[in-house]
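Here's the structure, in structure tokens; my notes come after.
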Amino acid sequence: MSDGADTLAHHLAARILLDGPLSVAAFMGEALGHPRFGYYMRQDPFGVSGDFTTAPEISQMFGELVGLWCVDSWARLGGPAPFHLVELGPGRGTLMQDALRAAALVPAFRDAAQVHLVETSPTLRARQRATLGDTPVTWHNRLEDVPDGPTLLIANEFFDALPIRQIQKTNHGWFERLIDVDPESPPDAPRFRFVLEAFGSSGSRLVPDSLRDAPEGSVVEVSPASQSVARLIGQRIATAPGTAIIIDYGYPQGPAVGDTLQALRKHAFAPVLDSPGEADLTAHVDFASIAAAAREGGADAFGPVDQGAWLTSLGIGPRADALKRTATRKQAADIDSALNRLIAPDQMGTLFKVLALTSPGRGAPAGFEAL
Ligand SMILES: C[S@@+](CC[C@H](N)C(=O)[O-])C[C@H]1O[C@@H](n2cnc3c(N)ncnc32)[C@H](O)[C@@H]1O
């Protein structure tokens with residue numbers, strides 16, 4: 001490796017040389033969060049000119065309905081004042097901005113809300129500051145750092161960015177997938193490849209009993225990082241009144257076999273090990289294990305329900321009609337197209353799911369009553 005090389009690939013190759021192959025979780029954590037080269041640390045990746053678009057960036061209707069859902073959930077908790085309005089991974093701050101604007105319909109909610117954003121990226125913190133103008137906001141690196149107390153928590157497309165580990169079934173049992181430097185690659189331009197751990201002990205322990213008999217070649221994914229955040233949310237809202245909404249794409253029914261690690265660059269899939277730090281890396285969210293971890297923490301869990309059904313039950317159709325009443329023909333077409341993207345089954349409507357967590361014994365929040 002040349003001394004002048006200074007990219008995340010060089011940094012990872014040097015680390016592998018020192019410590020041996022990395023877990024998928026370590027690779028993903030570095031690719032997204034390395035303080036200097038991490039994907040989210042360096043840039044604003046959202047929108048048409050970026051790598052991907054999220055629901056709040058598609059339409060203001062998304063954040064508005066999440067905001068009104070928070071107002072309703074707050075009222076069901078007895079309207080605690082003050083309370084912490086927490087968002088995990090707020091991106092450009094668009095969801096929070098739209099949610100606060102809609103929630104201003106209930107001044108007591110706005111007056112009681114203390115906004116906390118959990119965001120590790122300095123670049124995105126600056127973007128959130130610009131979006132939220134003079135709204136008082138406290139930033140944190142971790143949920144643990146948000147003070148205790150009554151909480152309304154929002155996490156949209158946060159859990160899919162948390163690191164996963166992958167374990168693969170071979171004819172000798174389950175072995176963790178690791179990432180090594182490809183020995184064919186030149187030292188000054190390292191490339192990476194998947195290998196299996198040598199002894200099959202640490203990975204094997206992570207495989208859920210329900211999947212142990214999966215056929216040879218199967219890959220199982222687990223996200224201890226996601227489970228730990230979910231347990232923390234559960235503990236938080238078990239000890240003070242609270243409700244959380246988690247929206248993401250993933251499996252509704254518990255862990256399944258399948259390799260879902262994916263890289264997105266300029267709105268297209270890219271090879272997952274190429275150019276670490278320059279593409280978004282995500283994996284399907286295992287809602288059942290998030291719900292289980294939150295229940296272990298002491299919370300009740302509801303759902304997941306499909307995003308399309310949830311937004312429809314909250315009134316996204318009438319909201320779109322109201323916006324269209326003052327829109328130009330072009331704007332009305334854009335509103336219809338955004339509505340379709342958010343709720344249609346072949347768009348985000350069924351792939352994306354919504355999970356609610358509440359303080360124990362509070363009953364189902366809005367949009368989850370039928371469960
Ligand atoms: C896919 S973006 C979602 C953004 C936003 N919620 C939206 O819907 O537009 C993921 C966000 O989580 C942040 N993030 C990723 N990993 C994080 C971590 N471990 N701790 C805190 N924030 C993290 C990223 O910087 C980014 O703001």
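As the structure is a prediction and not an experimental result, all values here were calculated from the model. Both counts, for ligands and for their atoms, begin at 1 and track the order of listing.
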Between Leu124 and ligand 1, find which residue part has any heavy-atom pair under 4.0 Å and reply side chain, backbone, both or neither.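 Side chain only.
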Mode of Thr54 contact toward ligand 1 - side chain, backbone, both, neither (heavy atoms, under 4.0 Å): side chain
Considering [options], which one's heavy-atom position lies nearest to [atom]?
| atom | options | value |
| --- | --- | --- |
| atom 2 (S) of ligand 1 | Trp139, Tyr40, Phe158 | Tyr40 |
| atom 12 (O) of ligand 1 | Pro56, Gly89, Gly38 | Gly89 |
| atom 14 (N) of ligand 1 | Leu117, Thr120, Ile58 | Thr120 |

Output yes when the distance from some N or O of ligand 1 to some N or O of [X] is under 3.5 Å, and no in every other case.
| X | answer |
| --- | --- |
| Leu95 | no |
| Glu119 | yes |
| Glu157 | no |
| Gly91 | yes |

Identify whether the distance between the nearest side-chain nitrogen and carboxylate oxygen of Arg191 and Asp274 falls below 4.0 Å. no
Could you tell me whether a side-chain N or O of Asp248 sits under 3.5 Å from a main-chain N or O of Asp160, the two making a donor and an acceptor?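 A pair under 3.5 Å: yes.
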side-chain hydrogen bond (donor to acceptor under 3.5 Å, both in side chains) pairs, two or more places apart, involving residues 60-75: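 Output for this query lists Gln60-Glu64, Glu64-Arg101, Glu64-Arg319, Asp72-Arg76.
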Any chance CG of Asp134 has more than 12 other-residue heavy atoms, nucleotides or ligands included, within less than 6.0 Å? no
